[in-house]
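Just follow the structure's listing: the first ligand is 1, and inside any ligand the first atom is 1. Values below: all heavy atoms of this structure, side chains included; hydrogens, waters and symmetry mates excluded.
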Amino acid sequence: MPAEEFVAGWISGALGLVLGHPFDTVKLLGFFKGMSFPIASIAVVNSVLFGVYSNALLVLTATSHQERRAQPPSYTHVFVAGCTGGFLQAYCLAPFDLIKVRLQNQTEPRAKQPGSPPPRYRGPVHCAASIFQAEGTRGLFRGAWALTLRDTPTLGIYFVTYEWLCRQFTPDGQNPSSGTVLVAGGFAGITSWVAATPLDVIKSRMQMAGLKQRAYGGLLDCMVSSARQEGLGVFFRGLIINSARAFPVNAVTFLSYEYLLLSWG
Ligand SMILES: C[N+](C)(C)CCCC[C@H](N)C(=O)O
């Protein structure tokens, strides 16, 4: 199994994340709150996404990454490979994402201050350990189902958008220019996040359930009760910030990914 794509995905995911982190946190409080934890986790997750995507295409089309410019895969194959990568990365992402959401929604200061209540979670490791102690492995995968539904089709859309835009601006058989990769990667991120936002809202609510928010009977119950109480607009919460973040993060992710693979030959 070719491994370069896993390594390139690892590095490019980390680079994209550094750019996106302030956007990620601005929805809430504290700008660079907890940067090292997301870097480490997104690197792993992005490596799974790109590695599985490329290897799925290898299985579907019998072409390696290097051969795919001369023999481009069909959009159906790109979509199926993207969904496969998305599905598997969602499972790796689930516990990390849960911890991120729990920590970002925690407004009490982490360090104990006189007079203020002690924070529930002292950091990512403490957060993971307390969830595990209270609810076991299942607890760490709270909201994983919603995350999988969010990521499987939208990562298919992600790679189709990227490939489609690259092909629009690149003569047949050639590699896309850096400018094309940046723009195609940026728009792939935006398209995918626009499609993912409704389920992203639901996913985060399910991950918070059991803490401050009420517990839901399941995904459908969470959707229906959120829409009843807050109107349909609730499904578009965070759309602008998600899109603003998606452009630079994914432009840099794709540019570094393509650059690394090209330089490794
Ligand atoms: C599928 N969905 C749009 C949710 C995520 C797309 C992932 C791409 C990148 N790691 C990022 O954080 O933007």
Problem - Pocket residues of ligand 1, ordered first by chain and then by residue number (heavy-atom cut-off under 4.0 Å) - result: Arg150, Asp151, Thr154, Leu155, Tyr158, Ser192, Trp193, Ala196, Arg245, Asn250
Handout entry: Members sharing Leu60's hydrophobic cluster (side chains within less than 4.5 Å)
Key = Val80
Handout entry: Arg150 versus Asp200, closest heavy-atom pair with distance
Key = NH1-OD1, 2.6 Å
Exercise for the section: Report yes if some heavy atom in the side chain of Val78 is under 4.5 Å from a heavy atom in the side chain of Tyr162; otherwise report no. Expected result: no
Exercise for the section: Evaluate the side-chain proximity of Glu258 to His65: yes if any heavy-atom separation is below 4.5 Å, no if none is. Expected result: yes
Practice task
Verify ring pair (Phe, Tyr, Trp, His ring centres under 6.0 Å) between Phe187 and Phe254, making sure each step is shown before the conclusion.
Solution key: CA-CA 11 Å; Phe187 278 108; Phe254 271 104; over 10 Å; no
Practice task
Check whether the side chains of Ser54 and Arg68 place a donor and an acceptor atom closer than 3.5 Å, and report yes or no.
Solution key: yes
